[in-house]
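Contents: one structure, followed by commentary.
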Amino acid sequence: MWRKLVLVGVMAVIAKMSMAKETITVGLVAHGEAQEAIAAWQPILDDLAKATGANVKAVAAKSYAEILNGLKSGEIQVARLGNKVALEAVETAQCDVFGQLVLKGGVDTYSSVLISRKDSGLNNLEQVLQQKGRYRYGSGDLKSTSGFLIPQYYAFLKNNIIMEQHFKSVRFGNHQDNFLALAKGEVDIAANNTDDLAKFAKKFPTEFKNVKVIWQSDAFNFDPLVMRKNMPADLKKSVAQFFLTYASNKQFPDSAAKLLAADNLAGFKTMSNRELKRIAEVELFYAQFRTMLDSSLSLAEKQKQEKAYYRRHELLIGLLGGPR
């Protein structure tokens with residue numbers, strides 16, 4: 001009997017050790033350099049490891065697609081994303097939104113901007129729209145909310161402009177790459193956002209002095225946190241609790257300094273799939289306008305694509321909790 005008890009005890013210890021060695025890979029989309037993003041977030045992720053008892057590692061990429069593919073394959077379990085790619089993660093990568101980043105001062109929104117050099121002679125969006133074929137444009141990643149979706153829809157398509165047909169040239173990059181390309185004179189106009197622009201003012205003060213904002217969008221939710229649905233329930237609960245209480249958790253008295261150093265953050269707050277509905281609407285409107293303005297498509301092809309957009313939109317709304 002005692003041997004059986006010993007065996008049961010050993011098995012329990014092994015099981016506990018196995019649980020403790022659960023690995024969480026956190027994906028970060030780098031708005032600057034990938035290694036900078038990992039280094040900035042590492043102190044927070046070290047605390048995540050302490051709180052959950054799991055091994056925690058980070059991967060960062062300039063490409064949203066790389067992080068999304070990691071979520072789809074299961075190589076990444078938790079990620080900080082933009083709204084557009086978070087919606088895609090819910091749709092295609094078996095993920096749920098559970099939190100949102102909050103900036104210093106409790107700010108939980110930011111805006112997309114278009115920037116130009118102060119010596120460009122450009123002062124507003126209207127000037128850009130009136131001069132087809134003259135300017136070189138630096139666009140954000142195709143999956144970026146502030147760098148692509150928001151300016152594409154609100155600045156260009158709503159003004160009957162298709163980016164590729166209007167600009168002299170278009171190059172794609174992350175926010176830092178586009179900022180520096182503009183500063184170096186490699187593009188004339190570039191997409192960015194209010195949060196990253198504030199960071200670049202400190203990081204690249206000389207370049208920032210020569211840059212100005214010529215258009216700014218309405219505010220939208222700051223970056224969501226997503227988690228894969230198939231993570232163990234207890235681990236999912238621990239991860240969510242860690243992030244949502246981190247700023248006030250007495251177990252981590254230096255959390256405020258770590259958050260500030262990571263991304264000028266104040267903490268994290270609860271967010272759900274439902275709060276991506278606004279982005280789902282913009283995606284639908286973007287697709288509709290793009291199709292309507294595409295002269296290479298026949299009327300039948302346009303009607304076919306529009307039906308597909310509506311089907312996708314209905315599916316998305318269902319995934320996000322329904323119309324109400």
| field | Worked verdict on D263 versus R80 for salt bridge (charged side-chain N to carboxylate O under 4.0 Å, His left out) | value | CA-CA 12 Å; D263 245 330; R80 175 256 178 103; 2.5 Å; yes
Got [X] and [Y] here, is their nearest side-chain heavy-atom distance under 4.5 Å?
X    : Y    : answer
V187 : Y137 : no
L225 : Q100 : no
L114 : V128 : no
K168 : Y135 : no
V97  : L276 : yes
T25  : V78  : no
L284 : Y310 : yes
L265 : W41  : yes

| message | Heavy-atom count check: over 12 atoms from other residues, nucleotides or ligands less than 6.0 Å from D218 CG? | response |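 Atom CG in D218 is not crowded, with 12 or fewer foreign heavy atoms closer than 6.0 Å.
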| request: If a pair satisfies ring-ring contact (aromatic ring centres under 6.0 Å, His included) and one of its residues is in residues 103-133, list it, with sequence neighbours excluded. | output: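 ring-ring contact (aromatic ring centres under 6.0 Å, His included) check on residues 103-133 returns Y110-F220, Y110-F222.
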Distance-only donor-acceptor hits, side chain of residues 201-217, under 3.5 Å, sequence neighbours excluded:
residue : atom : partner : partner atom : Å
K203    : NZ   : E36     : OE1          : 2.7
K203    : NZ   : E36     : OE2          : 3.4
K203    : NZ   : Q176    : OE1          : 2.7
K212    : NZ   : L122    : O            : 2.5
K212    : NZ   : N123    : OD1          : 2.9
S217    : OG   : S112    : N            : 2.9

Cluster check [X], [Y]: I/L/V/M/F/W/Y, side chain < 4.5 angstrom:
X    : Y    : result
L297 : M292 : no
L142 : V170 : yes
V90  : M227 : yes

Is it the case that the side chains of [Y] and [X] hold a donor-acceptor pair, with the cut-off being a distance below 3.5 Å and no angle test?
X    : Y    : answer
D196 : H31  : yes
S146 : N193 : yes
N221 : N83  : no

| request: Identify, with sequence neighbours excluded, every residue that meets ring pair (Phe, Tyr, Trp, His ring centres under 6.0 Å) alongside F268. | output: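 Counting only residues at least two positions away or on another chain, F268 forms a ring pair (Phe, Tyr, Trp, His ring centres under 6.0 Å) with F243.
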| field | Partners passing ring pair (Phe, Tyr, Trp, His ring centres under 6.0 Å) against F252 (at least two apart in sequence or in another chain) | value |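 With sequence neighbours excluded, F252 shows a ring pair (Phe, Tyr, Trp, His ring centres under 6.0 Å) to F242, Y246, given in chain and number order.
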Pairwise salt bridge (charged side-chain N to carboxylate O under 4.0 Å, His left out) hits with a residue in [range], at least two apart:
range            : result
residues 172-181 : K62-D177
residues 238-255 : D254-K258
residues 140-155 : E88-K143
residues 278-301 : K84-E283, E164-R290, E283-R312

How would you list, by chain and number, every residue that makes a side-chain hydrogen bond (donor to acceptor under 3.5 Å, both in side chains) with [X], sequence neighbours excluded?
X    : value
D108 : K269
K50  : none
S120 : S116

Which side-chain N or O atoms in residues 150-161 pair as donor and acceptor under 3.5 Å with protein atoms at least two apart or in another chain?
residue : atom : partner : partner atom : Å
N159    : ND2  : A155    : O            : 2.8

| request: Check each of V239, I44, I38, L48 against V26 using the side chain to side chain contact (heavy atoms under 4.5 Å, CB included) test, and report the only one that passes. | output: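 Single side chain to side chain contact (heavy atoms under 4.5 Å, CB included) partner of V26 among V239, I44, I38, L48: L48.
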| side chain to side chain contact (heavy atoms under 4.5 Å, CB included) between L81 and I67: does it pass, once the steps are laid out? | CA-CA 8 Å; L81 302 171; I67 303 301; 3.7 Å; yes
| How far does CD of E91 sit from CG of L315, to the nearest 0.5 angstrom? |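 Rounded to the nearest 0.5 Å, the CD-CG separation comes out at 7.5 Å.
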